[in-house]
Colleague: 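There's a structure below that I have some questions on.
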Amino acid sequence: MAKRAMRVIVARRKQIVFLLGVFFLGLFAKVANAEHPRDASNFQGKHPCARGVRSSTPKSVRDVSEIVRQSESVRANGAGHSWHPGLYCPARGGTRVDLLNVRSVESSTRWILDERARVVRADAGLLTRDLLDGLASRGYTLPAFPWFIDQTIGGAVATASHGSSLRAGSLSSQLVAVTVVLADGSVEHYAETKTSPALFESLRANVGRLGVVVDVSLRVVENSRITRNNEDIAPDAFVVEMFHVQAATRACAKQYPDDLKAQWSCAMSKPEVRALDETQYFWYTPLQEMSRITFQREKPGALNFTAYDERSASSALSSVNFGSLSSGSLVRDSPPRARDITSPVTLMGSEGMASAWARTWKRATLLNIAPVTDEQRDSFLSMTEEQYLLHERYGYEQLEVAVPFTKAGDCMQAFKTALYDDRELNLGFRSQALLRFIQPESAWLSPAHGRLGTLYINIEDFVKYSRVFDTLGNPRFDAAVAILRGDKCDGRLHWGKFGFPKRGCFDGAKEYGVSFCHFGCQVSRLDPTNKFLGDSDALQFSGIDFAACCGADGLFVENTTCKCVLNDRIPADQC
Ligand SMILES: Cc1cc2nc3c(=O)[nH]c(=O)nc-3n(C[C@H](O)[C@H](O)[C@H](O)COP(=O)(O)OP(=O)(O)OC[C@H]3O[C@@H](n4cnc5c(N)ncnc54)[C@H](O)[C@@H]3O)c2cc1C
C-alpha cells in the first residue's frame, strides 16, 4: 500500500516537473521573441493597424536597410503623432519601421550644424522639440515651425507640417537635403541643388511613400529677437479681412495669368496679404471670439535665404553614417491590442458645456500668446510639455484643411455662417480652431502646392470620444468639415491628420491635378513593387501608365493618351 502511494507521489512529481518545464520553456520562448514594446496605433492608442502588422526598432541605417530589404510592405513611423492609420501602417503582415532610435548623423546630439552654410542635419527620428532646443543653445532656430513640436522632424517633413509663414513655408519647404533607404535597401543622399526638381519636390513632402527617411537637412536662421503681440478680433472682422485677401490674390491671378511666381510677388506687395506673414489666429468657436497673434522681428532681413550648395558645405552634411547591424531579431510581433491611453469624459459631450470648455481652453491659450519680446524659439507659438501631457486624458481627432487665398473670404464666410446659424455647428467644437498661413509651395504633395497662398484651418473633435459607447459621432463637426472640404473652400487635407475618406474615395489626382502624377512618376521609379504603399489607397496610382507617360526629366507628360486620372475611384456622390 505504502509502495503504491509512493509511486503515485513520484509520478505526480514528475508530472509537475514536466508541466513546469513546459511552462518555463514557453515563457523563455516568449521572452526570446518578445512582442515589440510599442503598439501599432497612434499616440493616444487610437486608429490601430490591422492585426498581423509587425514592428521593428532599428538603431542604425544598416538596420533600416536590412529590414526594408527583407520586408514586402514597409511604413516608416515617427512618434505616432498622426491620425491616418493607412499611412502609418504597412499592409497586413508588413513591418512598421520605428525611427525613434535610428542614428544616421554622426554626433552624440543627433544633429550637426554647419553655421557657414546655415544648415542643420538631423536624425529623422529626433523630436522637433529637441532639435529646436539644441539649435537655440547655439543661437539658431528653424525659420518657422509648427505649434506642435513633439513629432519627429522626419515625420514633420514627410507630411509638410507647418507653422505660419509666407516666406519660409512648411518644414518641407525648409528641407535642403535628405537621406533615404529605398525599396531595395540601398541608401541614397539627395540634395536640393544636385537632385532633379522632379525628385526633390517629391522628397520634400514624401508621406513615407518613397522610402524610409533617416536624416533631413534643414535651413536655420539666427534665433533673433521677436516681439509677439495679441489682440481680440471678432469673427465678422476676420471674415472681412479674408475677403480682402481673396480680392487681392484674385486680382494678382488675373494680372499675371499662368505665372504663379509673378502672381505671388504681386500678392506680397499687397499689405493685406503681407500682414498674414507669421500671423496666427485662434478662433474660440463656441464663444464667437478670436485672438490674432502677430510677430515683429527686430531684424526684418533674417529670412533672406541664399541657395544651398552642398559642395561647399561641411562633408558631415553629406556623408552617410551606416553604423553597424544590430544583433538579434530586428522585427517582432506588435502587441495584439492597442493601449488606448484616454478615457471618456462624459462632460465633454454635453452641448450645454461647450462654452465652458471653450473658455477653459481660451484661458490656457492666453498664456501661450501673451505679449513678449524674446528669441524666436520662445516667441513663436508652441505647445508646452505640460499641455502635451493632457493628451493622456482627452481622446480626440485633429483635422486640418488647406484653403487657397483665392477662396479664403467665401470659405470663412460659409464656415462662420454655419457655425452660428440655426444649425449651431459651433456646438460640435470644444477647443479652438487654429488658423495659419503658408506661401505657394513647390513640393508636389504639399497641400499648399500650386496655390496662390494658403489659409490652413485646424479643428478638433473632442465629442466623439466623450462617450463610453459612441453611436452618435459628432454630426455638427462633420457638417463643418463638409463645408471646409466642399466647393466654397476646396480644402485639401493635411497628410498627418484625421479625415481621410474611406477606401476608393480619396482622389489625389482630382485634388492635386498633374502634380499628383509628377509624384507618381517618382513612386513608379523608386518603388516599383509598391513596398511603401501602406494600408491605404490614398497614394495608389491605379490606371496610370507611368512607363509611357513620365518624361526624361521625371515629370508626368499630359497628352491625348496620358491623363492624370485614377480609374478605380468611387464617384463622389457615393462616398
Ligand atoms: C497634438 C498634435 C498637434 C499637431 N500640430 C501640428 C501643427 O501645428 N502643424 C502641423 O503641420 N502638423 C501638426 N501635427 C501633425 C504632425 O506634425 C504630423 O502628423 C507628423 O507627421 C507627425 O510626425 P510623427 O513623427 O509623429 O510621425 P508619424 O505619426 O509616426 O507618421 C506620420 C506620417 O509620416 C510618415 N513618416 C514618419 N517618419 C518618416 C520617415 N522618417 N520617413 C518617411 N516617412 C515618415 C509616416 O509613414 C506617416 O505617413 C500635429 C499632431 C499632433 C498629434
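Computed from a predicted model, the values in this text were never measured in an experiment. Counting convention: from 1, in listed order, for ligands and their atoms alike. Computed over heavy atoms, backbone and side chain alike; hydrogens, waters and symmetry mates excluded.
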Colleague: Taking N or O atoms only and a 3.5 Å limit, does Ala124 qualify as a polar contact for ligand 1?
Modeller: no
Colleague: Could you tell me whether Val212 and ligand 1 have an N or O pair separated by under 3.5 Å?
Modeller: no
Colleague: Considering only the protein, which heavy-atom contact is closest to atom 9 (N) of ligand 1, and what is its distance?
Modeller: His162 O, 3.0 Å
Colleague: At a 4.0 Å threshold, what atoms of ligand 1 neighbour a non-hydrogen atom of Arg75?
Modeller: 47 (O), 49 (O)
Colleague: Taking only residues at least two apart or on different chains, which pairs with a member in residues 48-77 satisfy disulfide (SG to SG under 2.5 Å)?
Modeller: Cys49-Cys89
Colleague: When you measure from atom 48 (C) of ligand 1 to each heavy atom in Val180, Asn42, Leu87, which option holds the nearest one?
Modeller: Leu87
Colleague: Which atoms from ligand 1 have a heavy atom of Thr159 less than 4.0 Å away?
Modeller: 18 (C), 20 (C), 21 (O), 33 (C), 34 (O)
Colleague: Minimum distance, heavy atoms only, to atom 3 (C) of ligand 1: which one of Phe148, Tyr88, Trp147 is it?
Modeller: Phe148
Colleague: Are Arg492 and Tyr512 in a cation-pi setup, meaning NZ or CZ lies under 6.0 angstrom from the ring centre and within 45 degrees of the ring axis?
Modeller: yes
Colleague: Would you please say whether a donor-acceptor pair under 3.5 Å links the side chains of His162 and Glu441?
Modeller: no
Colleague: Could Arg485 and Asp490 be called an ion pair, given the rule that one side-chain N must be under 4.0 Å from one carboxylate O?
Modeller: no
Colleague: Are Glu460 and Ser431 close enough that a side-chain donor and a side-chain acceptor fall under 3.5 Å?
Modeller: yes
Colleague: Please determine if Asn77 has a nitrogen or oxygen closer than 3.5 Å to a nitrogen or oxygen of ligand 1.
Modeller: no
Colleague: Any donor and acceptor pair, going by atom type alone, linking the side chain of Ser536 with main-chain N or O of Ala538 inside 3.5 Å?
Modeller: yes
Colleague: I need the nearest protein heavy-atom contact for atom 14 (N) of ligand 1: residue, atom name and distance, please.
Modeller: Lys497 CE, 3.4 Å
Colleague: Distance to 0.1 Å, residue and atom name: give those for the protein heavy atom nearest to atom 44 (N) of ligand 1.
Modeller: Gly208 CA, 3.2 Å
Colleague: Nearest protein heavy-atom contact for atom 10 (C) of ligand 1: which residue, which atom, what distance?
Modeller: His494 NE2, 3.4 Å
Colleague: For the ring-ring contact (aromatic ring centres under 6.0 Å, His included) test, which of Phe462, Phe282, Tyr284 pairs with Trp361?
Modeller: Phe462
Colleague: Students should be able to answer this: which protein heavy-atom is nearest to atom 30 (O) of ligand 1, and at what distance?
Modeller: Gly78 N, 2.7 Å
Colleague: Using only heavy-atom distances, determine whether the side chains of Ser55 and Arg96 contain a donor-acceptor pair under 3.5 Å.
Modeller: yes
Colleague: Using distance alone, with no hydrogens and no angle criterion, decide if Arg121 and Thr179 have a side-chain donor and acceptor under 3.5 Å apart.
Modeller: yes
Colleague: Considering heavy atoms of the protein only, find what lies nearest to atom 32 (C) of ligand 1 and give residue, atom and distance to 0.1 Å.
Modeller: Ser82 OG, 3.5 Å
Colleague: Within ligand 1, which atoms have a heavy atom of Gly211 less than 4.0 Å away?
Modeller: 43 (C)
Colleague: Look at atom 23 (O) of ligand 1 and say which protein heavy atom is nearest, naming residue and atom and giving the distance to 0.1 Å.
Modeller: Gln151 CB, 3.2 Å
Colleague: Measuring from the heavy atoms of Trp495, does anything fall under 4.0 Å of ligand 1?
Modeller: no
Colleague: Considering only protein heavy atoms, which is closest to atom 41 (N) of ligand 1, and at what distance to one decimal place?
Modeller: Val213 O, 2.9 Å
Colleague: Quick one: pull up CG in Leu539 and CZ in Phe516 and give me the separation to the nearest 0.5 Å.
Modeller: 5.5 Å
Colleague: If you measure every N/O of Gly154 against every N/O of ligand 1, is any gap under 3.5 Å?
Modeller: no
Colleague: For Trp83, counting its heavy atoms only, list the atoms of ligand 1 lying under 4.0 Å from any of them.
Modeller: 51 (C), 52 (C), 53 (C)
Colleague: Cation-pi check for Tyr465 against Lys46: NZ or CZ below 6.0 Å from the six-membered ring centre and within 45 degrees of the axis, yes or no?
Modeller: yes
Colleague: Can you confirm if the NZ or CZ of Arg292 lies within 45° of the ring axis of Phe238 and under 6.0 Å from the centre of its six-membered ring?
Modeller: no
Colleague: Just which atoms of ligand 1 are under 4.0 Å from any heavy atom in Asn206?
Modeller: 43 (C), 44 (N)
Colleague: Out of all atoms in ligand 1, which are within 4.0 Å of some heavy atom of Ser161? Include the element for each.
Modeller: 10 (C), 11 (O), 12 (N), 16 (C), 17 (O), 18 (C), 20 (C)
Colleague: Which ligand 1 atoms does Ala76 reach within 4.0 Å, using its non-hydrogen atoms?
Modeller: 36 (N), 39 (C), 40 (C), 42 (N), 43 (C), 44 (N), 45 (C), 46 (C), 47 (O)
Colleague: For ligand 1 and Tyr396, I'd like to know whether there is a polar contact (N/O to N/O, distance under 3.5 Å).
Modeller: no
